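All remarks here apply to the structure that follows.
The first residue of the sequence shown is numbered 1, and numbering continues consecutively from there. Bear in mind the structure is a predicted one, so any value in this text is a computation, not a measurement.
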Amino acid sequence: MAEQKADIRIGGMTCAMCSKAIEQALKGQDGVLSAEVNLASEKARVRFDPSRVGPDTLKKAVEGAGYRYLGSDLEAASADAEREKELNGKLARAAIGMAVGAFLMVLMYSGMPQPTLAYCSLVIAAPAFAYVSHPIFLAGARALRNRNLNMDVMYSMGIGVAFVSSVLGTFGVVLTHHFMFYESAVFLAAFLMLGRYLEGRAKGRTTGAIKALIGLQAGTALVLRDGIEKEIPIEDVLAGDIILVKPGGKIPADGEVIRGESHVNESMITGEPVPVLKRPGDSVVGGTLNVNGVLTFRAAKVGRDTMLAQIIRMVEEAQGSKPPVQRIADSAVSWFIPVVLAIAMSAFIAWYFFLADIYSVAEPLLFSLTVLISILVVACPCALGLATPTAVTVGIGRGAELGILIRNGEALETAARVDTVLFDKTGTLTVGRPVVTDIVPAGIGEKELLALAGSVENNSQHPLAEAIVKKAEAAGIIFTETNNFNTAPGLGVSGIVAGKHILIGTGGFLRENGVSFDDNHSINFEAEGKTAVMVAADGKFIGIIAIADAVKDSTPGAVKALEGMGLDIIMVTGDNLGTAQAIGKQLGISKIHASTLPDAKASVVEQFQKDGHRVAFVGDGINDAPAMARADVGIAMGTGTDVAIESGDIVLVKGDLQDAAAAIQLSRKVMGRIKQNVFWAFAYNMALIPVAAGVLYPLWGITFKPEFAGLAMAMSSVTVISLSLLLRGYVPPAKVRDAR
């Protein structure tokens with residue numbers, strides 16, 4: 001069965017009950033496999049069978065539930081314009097409502113006699129109330145029509161009771177002139193609009209990271225076709241095109257430099273602040289910024305295949321996902337409104353029929369209505385519904401800015417609870433290729449030793465030879481032509497350089513050719529897990545070059561940071577125990593599983609899980625993919641293979657192990673913020689609903705005026721979103737140390 005995903009934007013959501021109603025409407029369509037609605041980003045992610053469901057069906061489902069279908073992310077510009085228009089409308093309604101409410105309050109204390117005051121208040125309040133509250137009543141009616149009991153219904157009841165009571169009091173029908181809630185009704189509607197405006201603005205900021213990533217994409221590219229420079233739209237760039245990028249220009253696609261030299265700022269992709277020097281043969285990434293030179297490169301990946309496009313898709317999918325902790329809020333929201341309605345009605349009955357007499361309330365009906373209205377408007381599951389998605393959206397966006405890609409909310413939650421981290425060695429803890437670590441000359445200079453060895457090894461394709469050649473090139477050595485080059489498989493090579501007969505290889509190879517030397521250095525190097533390459537010239541020993549798969553510069557700091565977080569660190573490698581122990585000794589890793597075949601790595605992970613541990617596996621190669629998939633959290637090095645990256649729940653774009661520690665620190669921070677948000681959302685309702693119900697009146701004569709209840713309700717959601725937005729400035733301690 002073919003499966004397709006769609007991200008659609010939805011307008012008109014006001015609370016967690018709205019997102020639940022839309023989810024149910026979408027899931028109810030034949031052919032929809034799953035649907036998740038994110039209240040914070042105002043989007044729905046839908047998986048469906050395209051042979052049975054199309055965009056029109058999804059649109060009808062959303063609109064049938066009473067909400068606005070604003071199109072897919074491909075239509076983001078029009079959706080953003082619609083959203084901005086809606087926000088400006090809310091702000092205008094809030095401003096008018098507050099101005100009219102303030103005037104009505106002044107009018108009340110003007111000394112104007114009744115019923116003149118009542119009639120004047122009605123004339124002034126009615127048009128303003130109708131204008132300001134119209135969206136609330138419309139949303140409430142829509143919800144009832146679709147049998148969805150949400151906060152719009154409760155708000156409509158609250159402000160409706162306030163206004164209708166005032167009208168009845170004005171004309172002396174059932175109620176007296178004392179029932180004057182005009183200013184409260186207008187203020188309530190105004191505060192609700194203000195709250196939704198502030199909430200909408202804040203929610204827009206939670207997706208700032210993804211908008212910034214989208215903004216990195218170049219709009220045009222300067223291509224060379226038939227020897228002529230042409231500026232074309234980015235969507236017309238083809239793989240294989242030769243592209244010219246001038247200083248200050250954005251690199252429009254992924255590719256390989258073929259001419260030129262320049263520093264490129266890759267911080268927007270990798271989080272690395274220092275520009276990287278690019279030369280012919282180096283790779284460049286679309287969306288990065290060319291700093292100071294002219295680069296010509298061949299496009300390899302364009303459009304949706306570029307790294308930037310893949311990062312954007314990954315972040316969007318992750319921000320739309322729900323971590324398991326969201327279930328707490330979802331279950332709470334399902335019973336919240338019925339319970340609040342029961343409390344509101346019970347409080348009204350209790351005060352009107354029983355408590356008013358006990359506590360000598362002058363106007364029992366007036367007081368009871370005030371209590372009813374206050375409870376209806378102060379109760380708010382919105383903060384609870386926003387607690388998790390806002391933190392997840394901001395946290396995952398922040399991770400992307402730091403070069404840490406988290407695939408989904410579940411990975412975020414699980415990473416926060418990890419207690420054991422397993423590391424692959426080659427390419428993860430180490431650079432993954434042989435490099436020269438030590439040079440010990442004997443009777444000649446270090447540079448001369450490198451020049452002779454490099455000149456001979458430049459004719460070999462062996463990985464150890466490549467390491468020596470690169471070390472010599474880095475030292476600025478120009479190689480001399482080698483004659484009579486020969487290879488002794490498994491032993492070494494030989495050749496004549498500048499008239500000298502050079503031997504390079506194992507100790508046994510040199511001894512077979514009559515060269516004697518002291519074994520002390522080679523024994524020490526081998527104890528450290530290094531390969532000792534002996535060099536002789538004209539039968540005389542001239543030095544040792546030690547080669548190893550060197551530890552990455554970031555590895556010691558990462559291991560120390562993880563251990564400082566109380567995590568258990570284990571190395572899992574296919575290398576022999578001696579080599580693994582040598583690396584482990586350098587890093588302070590004592591727990592090692594050596595000589596572990598690729599398929600056995602997953603078994604090692606499983607054993608730790610059976611022992612009750614939550615395991616993260618960090619790797620980079622194809623052979624690490626099964627272990628990463630089996631682990632509770634797979635962390636893939638972004639510099640590794642595509643298979644490993646696809647298996648990872650978290651991808652480290654730079655391939656920097658410090659980011660593994662930073663990823664877990666970020667996950668812990670986000671989960672801590674979610675718990676903090678949920679606590680405040682619960683605490684807010686648990687504290688203010690009883691106050692609105694009048695529990696403080698018997699002790700201190702304190703009541704909760706409906707307009708203040710409306711303001712408090714608005715501020716609850718804004719508080720939760722603001723707490724989540726603080727994550728935008730969070731820097732994991734591992735990144736702080738890295739920067740130093």
If you count heavy atoms of other groups shown closer than 6.0 angstrom to NZ of Lys59, is the number above 12? no
Identify the two heavy atoms, one from Gln217 and one from Lys250, that lie closest to each other, and give their separation to 0.1 Å. O-NZ, 4.1 Å
Check Ala44 against Ile10 and note the closest heavy-atom contact, atom names and distance. CB-CD1, 3.6 Å
Residues in side-chain hydrogen bond (donor to acceptor under 3.5 Å, both in side chains) with Thr420, at least two apart? His613
Where the side chain of Glu413 meets the backbone of Gly409, is there a donor-acceptor pair that is under 3.5 Å apart? no
From Asp649 CG over to Glu410 CD, what is the distance, rounded to the nearest 0.5 angstrom? 8.0 Å
Min side-chain heavy-atom separation Tyr684-Val720 under 4.5 Å: no
I'd like to know if Asp7 and Arg45 make a salt bridge, using a cut-off of under 4.0 Å between side-chain N and carboxylate O. yes
Arg407 pairs by side chain to side chain contact (heavy atoms under 4.5 Å, CB included) with which of Val651, Leu412, Ile650, Ile396? Val651
Is Asp254 reaching over with its side chain to a backbone N or O of Gly286, donor-acceptor style, under 3.5 angstrom? yes
Do the non-hydrogen side-chain atoms of Ile635 and Met628 ever get within less than 4.5 Å of each other? no
A side-chain contact here means heavy atoms from C-beta on lying under 4.5 Å apart; do Val378 and Ile689 qualify? yes
What pair of heavy atoms forms the shortest contact from Ala734 to Ala661, and how long is it? CB-CB, 3.9 Å
Check whether any side-chain heavy atom of His134 lies under 4.5 Å from a side-chain heavy atom of Arg93, and answer yes or no. yes
So, the side chain of Ser133 versus the backbone of Ile136: is there a donor-acceptor pair under 3.5 Å, distance only? no
Heavy-atom distance under 4.5 Å between the side chains of Val53 and Asp30, does that happen here? no
Can Gln609 and Arg630 be said to form a side-chain contact (heavy atoms from CB on, under 4.5 Å), step by step? CA-CA 10 Å; Gln609 290 172 326; Arg630 184 68 185 83; 2.8 Å; yes
Looking at every heavy atom in both Met13 and Glu42, which two are closest together, and how far apart are they? CE-CA, 3.5 Å
Distance-only donor-acceptor hits, side chain of residues 670-680, under 3.5 Å, sequence neighbours excluded:
residue : atom : partner : partner atom : Å
Arg673  : NE   : Gln676  : OE1          : 2.9
Arg673  : NH1  : Leu723  : O            : 2.6
Asn677  : ND2  : Ala387  : O            : 3.1
Asn677  : ND2  : Ser724  : OG           : 2.9

Heavy-atom nearest pair, Ile404 first then Asp659, reads CD1-O, 3.8 Å
Holding to salt bridge (charged side-chain N to carboxylate O under 4.0 Å, His left out), I want the full list of residues that pass it with Lys90, two or more places apart in sequence or in another chain. Glu86
Pairwise distance CZ(Phe48) to OG1(Thr57) - rounded to 0.5 angstrom: 9.0 Å
Donor-acceptor under 3.5 Å (Arg398 side chain, Tyr730 main chain): yes
Distance from Thr414 atom OG1 to Ile406 atom CD1, nearest 0.5 Å? 11.5 Å
Please answer whether the main-chain N or O of Ala411 pairs with a side-chain N or O of Asn408 as donor and acceptor at a distance below 3.5 Å. yes
Please enumerate all residues that pass salt bridge (charged side-chain N to carboxylate O under 4.0 Å, His left out) together with Asp56, with sequence neighbours excluded. none
With sequence neighbours left out, write down each residue that passes salt bridge (charged side-chain N to carboxylate O under 4.0 Å, His left out) with Arg142, or none if nothing qualifies. none
Does either side chain, that of Asp656 or that of Ser554, offer a donor lying less than 3.5 Å from an acceptor on the other one? yes
Looking at side-chain heavy atoms only, is the closest gap between Leu376 and Leu341 below 4.5 Å? yes
Before you tell me yes or no, could you show the steps for Leu405 and Val653 under side-chain contact (heavy atoms from CB on, under 4.5 Å), namely the whole-Å CA-CA distance, both residues' side-chain angles and the distance that decides it to 0.1 Å? CA-CA 7 Å; Leu405 303 181; Val653 176; 3.8 Å; yes
Minimum heavy-atom distance Val605-Ala631, with the two atoms named: CG1-CA, 3.6 Å
One should read off an interatomic distance between Thr220 OG1 and Ile234 CD1, to the nearest 0.5 angstrom, of 7.5 Å
Can you find a pair of side-chain heavy atoms, one from Tyr67 and one from Val37, that are under 4.5 Å apart? no
pair Asn685-Val340: side-chain heavy atoms closer than 4.5 Å: no
How would you list, by chain and number, every residue that makes a side-chain contact (heavy atoms from CB on, under 4.5 Å) with Lys27, sequence neighbours excluded? Glu23, Ala35
Approximate separation, where rounding is to 0.5 Å, of Leu26 CG and Arg47 CZ: 13.5 Å
Determine whether a donor-acceptor pair (N or O, by modelled atom type, separation under 3.5 Å) exists between the side chain of Gln658 and the backbone of Ala561. no
Hey, what do you get for CE (Met565) to CD (Gln665), rounding to the nearest 0.5 Å? 4.5 Å
